[in-house]
Amino acid sequence: AQSVTQLDSQVPVFEEAPVELRCNYSSSVSVYLFWYVQYPNQGLQLLLKYLSGSTLVKGINGFEAEFNKSQTSFHLRKPSVHISDTAEYFCAVSEYTDKLIFGTGTRLQVFP
Amino acid sequence: ETGVTQSPTHLIKTRGQQVTLRCSSQSGHNTVSWYQQALGQGPQFIFQYYREEENGRGNFPPRFSGLQFPNYSSELNVNALELDDSALYLCASSTTGGYGYTFGSGTRLTVV
């Protein structure tokens with residue numbers, strides 16, 4: 001069965017610092033991987049996705065993620081964060097795109 | 001292109017009542033999924049509809065049911081509401097094969 005573990009429930013960081021949000025998954029088959037962002041009182045917005053091909057995936061708002069099959073990880077990174085990046089971030093996995101299994105989320109708090 | 005729209009945005013119901021939530025899919029999307037997001041948790045997959053048929057279901061009881069209409073809009077119905085049904089309900093649409101779902105802003109259901 002698929003599962004997703006987001007290792008950090010909260011990540012505090014100062015503005016313009018780099019950040020990494022960690023995500024590990026388990027699955028017995030090939031998977032598709034996603035990162036979503038959720039701003040307060042809003043739905044989920046797709047940041048980026050890995051379907052196949054290059055293991056380094058670039059998304060919106062300067063975010064990128066690297067798929068590591070041997071470590072079953074899909075960590076999200078940004079070299080320099082902004083106050084507006086403060087939000088909840090969810091990693092998700094899908095087998096054959098029928099449903100998404102989400103992690104419990106990481107709260108990114110950017111301080112001035 | 002239009003996004004995914006959900007109605008109502010907020011709803012308060014009494015335990016034991018029934019509720020219907022509505023979703024209008026993004027133009028060109030023929031698959032719709034519903035998720036339940038309890039406070040402080042990641043979204044949990046309820047079910048998915050494709051061509052008006054249920055096409056996968058998560059670990060939710062039968063009192064959670066759905067419909068998809070020929071125009072790809074959708075409803076989520078919940079009977080015999082329980083306090084634990086209080087959550088944000090998210091609708092997501094995609095084209096066949098997924099590759100990334102577009103989420104609506106959700107309906108916040110409070111059961112008292």
Side-chain angles (χ1 to χ4, degrees), chain A residues 1-10 21-25 27 30-53 57-60 63 65 74 76 87-108, chain B residues 2-10 21 23-26 29-51 53-60 66 87-110:
Chain A
Q2 309 163 69
S3 67
V4 175
T5 301
Q6 291 186 242
L7 297 162
D8 306 295
S9 60
Q10 296 186 63
L21 306 184
R22 297 180 292 168
C23 172
N24 286 89
Y25 70 93
S27 175
S30 296
V31 297
Y32 303 119
L33 294 157
F34 306 83
W35 274 99
Y36 284 87
V37 61
Q38 186 174 38
Y39 298 101
N41 301 313
Q42 294 190 25
L44 301 173
Q45 181 183 7
L46 179 66
L47 278 176
L48 48 79
K49 59 190 175 189
Y50 172 79
L51 303 179
S52 65
V57 180
K58 292 189 182 299
I60 62 171
F63 284 94
F74 190 55
L76 181 71
E88 191 84 20
Y89 291 79
F90 292 95
C91 180
V93 64
S94 174
E95 292 178 0
Y96 313 119
T97 73
D98 61 341
K99 66 182 180 183
L100 292 168
I101 303 297
F102 286 89
T104 51
T106 296
R107 169 76 176 166
L108 176 63
Chain B
T2 58
V4 176
T5 56
Q6 293 187 242
S7 62
T9 55
H10 295 83
L21 311 181
C23 172
S24 178
S25 299
Q26 181 168 316
H29 287 187
N30 56 14
T31 301
V32 65
S33 302
W34 285 90
Y35 290 80
Q36 180 195 67
Q37 185 179 17
L39 200 61
Q41 301 295 317
Q44 300 288 318
F45 175 74
I46 303 175
F47 44 55
Q48 182 182 84
Y49 277 80
Y50 172 66
R51 291 187 176 180
E53 296 285 335
E54 189 177 289
N55 182 38
R57 189 179 182 92
N59 189 27
F60 281 82
L88 179 67
Y89 288 85
L90 296 164
C91 171
S93 71
S94 67
T95 56
T96 305
Y99 307 133
Y101 301 81
T102 301
F103 281 81
S105 296
T107 294
R108 173 74 62 187
L109 172 65
T110 302

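Numbered from 1 within each chain, the chains take letters A, B, ... in sequence-line order.
Aromatic ring pairs are classed by plane angle as parallel below 30°, tilted from 30° to 60° and perpendicular above 60°; the pair A:F102 and A:Y36 is tilted.
Aromatic ring centres of B:Y101 and B:Y35 lie farther apart than the 6.0 Å criterion allows.
Enclosure of atom CZ in B:R51 is not indicated, since only 12 or fewer non-hydrogen atoms of other residues, nucleotides or ligands lie within 6.0 angstrom.
Between atom SG of residue A:C23 and atom CG of residue A:D8 there is a gap of 11.0 Å, rounded to the nearest 0.5 Å. A distance of 9.0 Å separates CG in A:L47 from CH2 in A:W35, rounded to the nearest 0.5 Å.
Interface remark: A:Q6 contributes no atoms to any contact with chain B (heavy atom separation under 4.5 Å). In this structure, chain A has no heavy atom under 4.5 Å from any part of B:Q44.
Note on A:L44, A:T104, A:I101: by heavy-atom pairs under 4.5 Å with chain B, the leading option is A:L44. Here A:Q38 is the residue among A:Q38, A:Q45, A:E88 with the most heavy-atom pairs under 4.5 Å with chain B. The greatest number of non-hydrogen atom pairs below 4.5 Å with chain B, out of A:G43, A:A92, A:G105, is found for A:G43. Put simply, of B:C91, B:G42, B:P43, B:G104, the one with the most heavy-atom pairs under 4.5 Å next to chain A is B:P43.
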